[in-house]
Every structure is written in structure tokens, then in C-alpha cells.
Amino acid sequence: MLSRTPPKRPNARRLPFRTLTLDPLSMSSSARPVVTRIAPSPTGSMHIGTARTALFNWLYARHCGGKFLLRIEDTDRERSTEASVQVILDGLDWLGLHPDEPPTYQFARAARHREAVEALFAAGGAYRCYMTPEETAAERERARTEGRAIRSPWRDREAPGDDRPFTIRFRGPLEGETVVDDLVKGQVTFANRDLDDLVLLRSDGTPTYNLAVVVDDHDMGVTHVFRGDDHLSNAARQSLIYTAMGWDLPVFAHLPMIHGPDGAKLSKRHGAQAVGEFADLGYLPEAMRNYLARLGWGHGDDELFTDAQAISWFDIRDVVRSPARLDWNKLNHVNAHYIRLADAGRLADLVMDVLRRRGEAPGKTDRDRTLALIPLVKESAKTLIELADLTAFARLVRPLALDAKTISQLDGETRARLARLALALESVSDWTAEPLLAALRDFASGEGVGLGKFGAPLRGVLSAGYPAPDLASALAGLGREESLGRIADALR
RNA sequence: GGGCCCUUCGUCUAUCGGUUAGGACAUCAGAUUUUCAAUCUGGGAAGACGGGUUCGACUCCCGUAGGGCCUACCA
């Protein structure tokens with residue numbers, strides 16, 4: 001079927017099997033509407049890697065006009081908590097990756113999982129295994145030293161007849177091989193003898209992960225399974241289950257993981273790991289989307305792009321195969337870009353959130369002053385934290401407690417000059433940065449000195465040692481009354 | 001131990017056998033300058049290693065080394 005021309009895309013990676021199989025993209029557009037999903041387990045925070053997996057699933061679904069679903073994998077009753085579920089919901093919401101349907105909760109579907117296993121058991125595709133935990137451990141040990149997969153003696157043995165507890169194991173093929181056709185990794189071949197007969201139902205009757213995933217993905221109509229490449233070998237086991245159930249395989253793509261700047265698995269010690277932490281550090285969701293999209297995926301030389309562009313450009317086959325490291329510098333750069341683009345009112349609200357997180361209780365005046373400053377300083381802020389710090393001087397309450405350095409600069413001559421400056425400034429009718437800068441320059445030349453002569457003390461008087469933008473902007477942002485008031489306070 | 005995956009500047013990436021190996025972040029130098037930034041200009045910086053195949057290899061094959069994942073009645 002080489003007559004069917006594959007879509008022309010400049011960045012498509014060349015993998016031989018693609019010329020021999022139907023193109024998943026073109027296939028999906030007609031026969032199967034694309035359904036992707038993100039399936040996190042609620043056992044703590046939402047890892048940034050999970051966020052990126054969600055992003056890729058979302059991008060792909062949007063690109064194809066399909067659906068993006070969420071499934072909460074809460075079958076581990078020990079570790080799953082309601083609070084963690086909320087963390088995931090909040091994380092996706094913050095990132096703007098909204099699922100197209102209410103979430104599916106895996107634990108609630110246990111009866112269905114059991115039913116599927118029973119059907120498989122009835123058809124001979126599974127068997128009861130009566131190995132005790134001790135026997136299993138011993139067999140695992142033997143298998144490991146012999147370099148083979150674990151095997152149960154009960155695969156071909158009659159049931160013992162008593163009421164000993166048992167698990168239900170999958171009866172996998174002993175020979176042949178299983179090929180995972182992966183859109184990122186290519187064709188990955190596993191020898192069936194290396195795949196063990198995994199437990200489908202635990203002795204307490206609850207389903208295991210590999211079984212639940214297959215049944216749920218099938219029932220939810222998931223056509224494309226994109227997840228971390230830590231699941232690549234699970235894909236082989238799961239493929240076997242799909243086949244045994246008589247179900248169509250989804251299209252697989254296993255994404256490389258995100259590591260810390262040092263190449264080790266990303267963890268708390270790298271500064272942040274959970275999406276909530278990135279939010280707290282002052283990153284914008286749209287910046288996270290752009291940055292995360294570029295981690296493991298690229299579109300030529302494009303670095304900064306809109307969601308619409310990402311959606312139209314995204315192709316899972318352009319995802320790279322190797323793991324990526326989180327780079328704070330680049331994240332900062334991307335974030336700075338989106339801060340510049342952001343609406344001042346929204347930024348003011350977000351800065352207020354930063355202050356509240358610090359335990360402060362900002363009022364209307366604080367927001368007003370912050371808002372006035374934001375257009376003047378947002379060009380130089382990389383994060384919302386920096387934006388909060390760059391505007392902090394404006395929120396100070398008169399009279400300011402001046403810093404030692406400023407106080408030492410306020411000698412008689414300087415005070416006299418600042419007094420004359422205040423007079424000069426009073427006559428500025430348009431209190432905005434440009435006229436103010438002109439006034440400052442005029443004053444300097446009139447005094448016969450450089451701006452440097454009184455710039456530093458003026459800065460200190462206005463900002464009390466806090467970071468502040470250039471003097472004209474600082475004055476403009478502060479407003480006439482507050483500016484002149486602060487100068488007057490210092491000269492008193 | 002076994003199976004599988006990965007390997008281009010410090011980092012993220014481009015490159016579909018023929019390129020001065022491109023871009024971005026970071027870095028360095030210079031410019032600007034009233035602090036800190038931001039901004040502008042310019043520079044340096046890469047195919048892990050070893051064998052093949054080929055007229056020609058970062059690109060294909062094999063091996064080595066180094067990372068990683070799975071090998072659970074966790075997900």
C-alpha cells in the first residue's frame with residue numbers, strides 16, 4: 001500500500017514501518033474519532049512530567065478535533081487520597097488543560113474489571129494461581145538469578161479443591177514475540193518468554209493496574225495512549241491483554257521523561273517538581289504550556305508560540321526519543337515573555353496572590369499602586385515573585401523608613417538640591433514617565449550637574465532601598481502626590 | 001541477572017547520506033545606564049567512543065561505554 005501517500009510534513013521522523021502501515025493520523029480522522037487521556041494516580045502531588053504528558057495528549061486531541069479525557073487511577077487504596085485528587089483537578093485547571101468529560105474513577109469500576117477477567121478466565125485466557133506470597137518471592141528470586149521471567153506452576157495444574165486464596169493470572173504466550181508499534185520509539189520488539197504471567201486479580205479480588213488500564217482505555221474508547229516511557233514494557237504486556245480480550249489495540253506513544261538539571265530524576269531538591277510549586281514560584285500557566293511543549297517537542301526554530309499554533313503544529317511523531325532536563329533559565333525566559341504579554345489587571349491580581357501567600361493582607365490601595373507600576377516594570381520581571389518585588393516600593397506607607405545608605409547621602413547640599421527638585425517637579429503638568437524624565441534632565445542641566453549627582457539619593461527617598469525602576473518611571477508609577485510626599489518626608 | 005529504551009553546543013532542540021552542523025536559553029565581550037534588571041551588537045561553544053556500509057555518515061548497521069525504565073498481589 002505504498003500508493004497511499006503519507007502526509008507531507010517536513011519534520012516527520014523516518015521510520016521504516018510507517019511506510020508499511022496505515023497512517024494513524026489519516027486513519028483516525030475517518031474511522032475512529034481520536035480520544036486521548038491522562039491517567040494520573042492521586043498519591044500526592046502532580047508531577048510536572050504528568051503535566052507535560054497531559055499537555056501532549058491535550059494538544060494531540062485538539063489537533064485532531066478529538067477528545068481529551070481524565071481518569072483518576074485510584075486503585076491503590078493505601079496511597080490514594082481525596083486531597084490528591086483535588087490537586088490533580090486543580091493542576092489541570094490551572095494549566096488550562098480541561099478534560100472534555102467528567103473524570104473517570106478507576107476504583108469505582110472494579111466490578112467491571114472483575115467481569116472482564118472472568119470472561120477471559122472462562123475463555124481460558126487466565127488461570128488461578130495458588131502460590132503463597134512466600135512461594136512467589138522464592139520464584140521471583142530464582143527467576144532473577146536464572147535471568148528469566150517469573151512462572152507459576154499453576155498455569156497448567158488442576159485447582160487444589162480446598163479454599164486456599166488465589167490470584168488470577170494472565171495466560172500469556174510462551175513463544176513468539178510482541179511488537180509495540182510506538183509513534184515515538186518506533187517498533188519495539190519483546191520476546192514473549194520474557195513477559196511473565198501477570199496478576200490480573202489480586203487474592204482479595206481487586207484488579208491490578210495493567211488489567212484496569214486496558215479495560216478502562218477500551219471502555220472509554222481511548223484510541224491513542226500517550227504516556228511516560230516508563231510504561232513502554234507495560235505496553236507489551238497490555239498489548240497481549242488487548243489481544244486476548246479480542247479488542248483493538250490503541251495507538252501507543254511513549255514519551256521520554258523529564259529529568260532535573262543534573263540529569264537525575266526530577267525531585268524536590270531541584271527546586272520544584274509539582275505543578276503547584278511552579279505556580280507558587282510565579283510562573284504563568286501559558287508560559288508553562290509553551291515551555292513544556294518545547295521540552296521533547298519542537299517545530300523547527302519556533303520557540304515562543306500561541307496555543308493555537310501549538311495545536312495546529314503538534315504531531316506526536318515529532319516528539320524526541322530522549323529524556324529532557326528542566327532548565328530554569330529557559331523557563332524564566334519564556335515566563336518573562338508571557339508576563340510582557342499579560343494584561344496589567346490580571347498581573348496585579350496575581351501579585352496580590354503572591355503577597356497573600358507571603359502572609360500579607362493587601363488592600364485596595366496596594367492593588368491600585370501595584371497596577372500603576374506594572375506597565376512600567378513588567379518588561380523586566382521574569383516571574384510574578386519578581387513583579388511583586390519590583391513593585392514593593394510603591395506599596396510602602398509614608399513616611400518611609402529610609403535605609404542607612406540613603407540617610408548618609410542626605411547631606412545639606414543634597415537636601416537643598418532635592419528641595420529645589422521638588423519645586424521643579426511640582427510644575428510638571430503631565431505626570432508620566434516621559435515628561436518627568438525631561439524634567440529631571442532639565443533640572444540636572446539647570447543645576448549644572450549630572451543625573452548621577454542626585455539620582456541615587458532621590459531613588460533612596462522614593463524607594464527606601466527597595467528595588468525600583470528608572471527614576472522617571474518610579475515617579476510616574478507613584479503618582480504626583482505620593483512622590484512629592486515622599487520627598488517632603490525625607491527633607492523634614 | 002534478564003528484557004527494553006536513550007546518547008548533536010552547559011541546557012532545550014533543527015538536521016529525512018553531501019550544511020561553514022542552524023535556532024533558542026545560558027555564558028563571555030562591548031554598547032546603553034540614576035540602582036537592579038531589561039534592551040541592543042558581537043563572540044565562543046556540539047555529533048559519547050570504536051568498527052563497518054558508502055564516492056561520501058551526525059544521519060544506516062554492529063559493538064563498547066554511560067544513563068534510564070520494566071522485571072510487584074505499586075501505579
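Atoms considered below: every heavy atom in the structure, side chains included; atoms not considered: hydrogens, waters and symmetry mates. Within every chain, numbering begins at 1; the chains are lettered A, B, ... in the order of the sequence lines, protein sequences first and strands thereafter.
Nucleic acid contact class of A:Ala456 (heavy atoms, under 4.0 Å, all strands): none. Across all strands, A:Arg441 comes closer than 4.0 Å to no nucleic acid atom at all (heavy-atom distances). Across all strands, A:Ser203 comes closer than 4.0 Å to base atoms (heavy-atom distances).
Annotation: ring pair (Phe, Tyr, Trp, His ring centres under 6.0 Å) contacts of A:Phe252 (sequence neighbours excluded): A:His254. Every residue two or more places apart in sequence or in another chain that forms a side-chain contact (heavy atoms from CB on, under 4.5 Å) with A:Pro153 is listed here: A:Met131, A:Arg157. Residues passing the side-chain contact (heavy atoms from CB on, under 4.5 Å) test with A:Val461, sequence neighbours excluded: A:Thr406, A:Leu410, A:Leu418, A:Ile487, A:Ala490. Annotation: side-chain hydrogen bond (donor to acceptor under 3.5 Å, both in side chains) contacts of A:Lys330 (sequence neighbours excluded): A:Glu303. Under the ring pair (Phe, Tyr, Trp, His ring centres under 6.0 Å) criterion, A:Tyr291 pairs with no residue, sequence neighbours left out.
Among residue pairs with one or both ends in residues 179-211 of chain A, those qualifying as ring-ring contact (aromatic ring centres under 6.0 Å, His included) are A:Tyr209-A:His231; sequence neighbours excluded. Applying the side-chain hydrogen bond (donor to acceptor under 3.5 Å, both in side chains) rule to pairs touching residues 459-471 of chain A yields A:Asp470-A:Ser473, sequence neighbours excluded.
Comparing atom distances between the A:Glu379 side chain and each of B:A24, B:A38, B:C73 picks out B:A38 as nearest.
RNA chain B lies under 4.0 Å from at least one heavy atom of each of the following residues of residues 460-468 of chain A: A:Ala468.
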Which atom pairs link the protein and nucleotides 3-10 of chain B when you take only N or O atoms and keep those under 3.5 Å?
from	atom 1	to	atom 2	distance (Å)
B:C5	O2'	A:Lys185	NZ	2.7

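In this structure a side-chain-to-backbone donor-acceptor pair under 3.5 Å is present from A:Asp74 to A:Phe107.
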